[in-house]
Amino acid sequence: MKAPRHNIMTSTETIGFELSQGALRARRNAKWNQYGPDVLPAFVADMDFSVAAPIQAAIERIVRDRDYGYPLRNGERADRLVARVFAERMKSRYGWELSPDLVLPMADLVQGTCASILAFSDPGDGVVLQTPNYPPFRDAINSVGRRLLALPMRDDGTRHVFDMTELEKLVDRQTRIFLLCNPQNPTGRVFSRDELTALGQFAVERDLIVVSDEIHSDLVYPGHQHIPFASLGPEFAARTVTLTSATKSFNIPGLRCALIAFGTEDLRNRFHKRIPSKLTGSANIAGADATVAAWSECQPWLDAVMQHLLTARNRVRDVLAAEAPEIRFHAPEGTYLAWLDCSKLGLSTSAFQFFLDHARIGFSAGETFDPDCTQFVRLNFATSMPILDDILARMIGATRQNNR
Ligand SMILES: Cc1ncc(COP(=O)(O)O)c(C=O)c1O
């Protein structure tokens, strides 16, 4: 049974979204079913929260009316509606003006990434990827025979940064794409205007296309600001393909609705020369209606979730600093993901295996984000406080045991 545990008052309503462990285990998602009942899962990027009421209502309406046909919403095709609501959201949040005609909805974002790589490069061409990074990006680059050029995110003592000099050395004449993930998964960096501008200028000089995954852009903490890469200026937009969806911030990844936004018509035409629109399909009706509801009606829910995530992030930071300082961690500037460096624990196995065996926690394994990161794990802290406290207590217990 769903049991909201944590309520946050807004000016208009009380928003409850935390779920008990019993309710979570009763679900049929990958996160809570991959392991047995003694393991606390903290891996895949789902939040352990119930969705906002307008999203639920949008889906219930489809089911209630058994309305499963090709969609038209108030005279508008569902894909077009998603494109228009997205364009309005970008204008109001970031002052980024783009035409809905340049927005192509589809089922999922990794599909859009892979299609963009195919459209803007040829076999053997270089694609730059900051590492560590979201594992399907590595797979997408490798599976279509492009060369993965790894640009390391280096720990400067306070956060993870990339180095423009290293980038200059990495990029050769046969490099076509910079695959940007901002906010970055798994380090949680939200790149600054200066960092993005330097990257953009470099892309202009070397004639690179920037494929910019901004799926985590709503999940940014106070003191930081998401800047859509294409909003930096027309010369950057002309080489930027933005990929995003409502699925991370509104917790609806199973509904399959994402989009590609082309910076210019020319880019869209180049894309379609290689990738016919019949191949990218379209979003399904539940995903499209849920996305429109999320972007137009669910901001109070997201604000409440962000308050909770901020508390959770700070709890991870403070508890680890006090009780397990060997685990190195920079509080993410965005996302609900914590990238934990466990190399000082001196483990004889991967950090993932250690915590699975000795703490019964299912983290994401560091080596899936970068083969060199066996001593890292990624923690998803988008859960209720009792579950998060249990995860932290188990980590501390296993770490102390290991130190003996
Ligand atoms: C950076 C990033 N991009 C894309 C995705 C997945 O998008 P989709 O499920 O639409 O392919 C994720 C999921 O965690 C992600 O973290």
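Below, each value reflects all heavy atoms present in this structure, side chains not excepted, and no hydrogens, waters or symmetry copies. Numbers for residues simply follow the sequence, beginning at 1. A quick note: this is a predicted structure, and the numbers were derived from the prediction, not measured. Indexing begins at 1, ligand by ligand and atom by atom, following the structure's order.
Using a 4.5 Å heavy-atom cutoff, the side chains of Met47 and Phe17 are not in contact.
At a threshold of 4.0 Å, the pair Asp389-Arg315 counts as salt-bridged, since one of the basic side-chain nitrogens sits closer than that to a carboxylate oxygen. With respect to the salt-bridge test (charged N to carboxylate O, under 4.0 angstrom), the residues Arg146 and Asp125 do not qualify. A salt bridge links Lys31 with Asp48: the distance from a Lys NZ or Arg NE/NH1/NH2 to an Asp or Glu carboxylate oxygen falls below 4.0 Å.
The CG atom of Asp218 sits 5.5 Å away from atom CG of Leu302, with the distance rounded to the nearest 0.5 Å. Between atom CD of residue Glu333 and atom OG1 of residue Thr187 there is a gap of 8.0 Å, rounded to the nearest 0.5 Å.
A heavy-atom cutoff of 4.0 Å around ligand 1 is satisfied by the protein residues Ala45, Asp108, Leu109, Val110, Tyr134, Phe137, Cys181, Asn185, Asp213, Ile215, His216, Lys248, Arg256.
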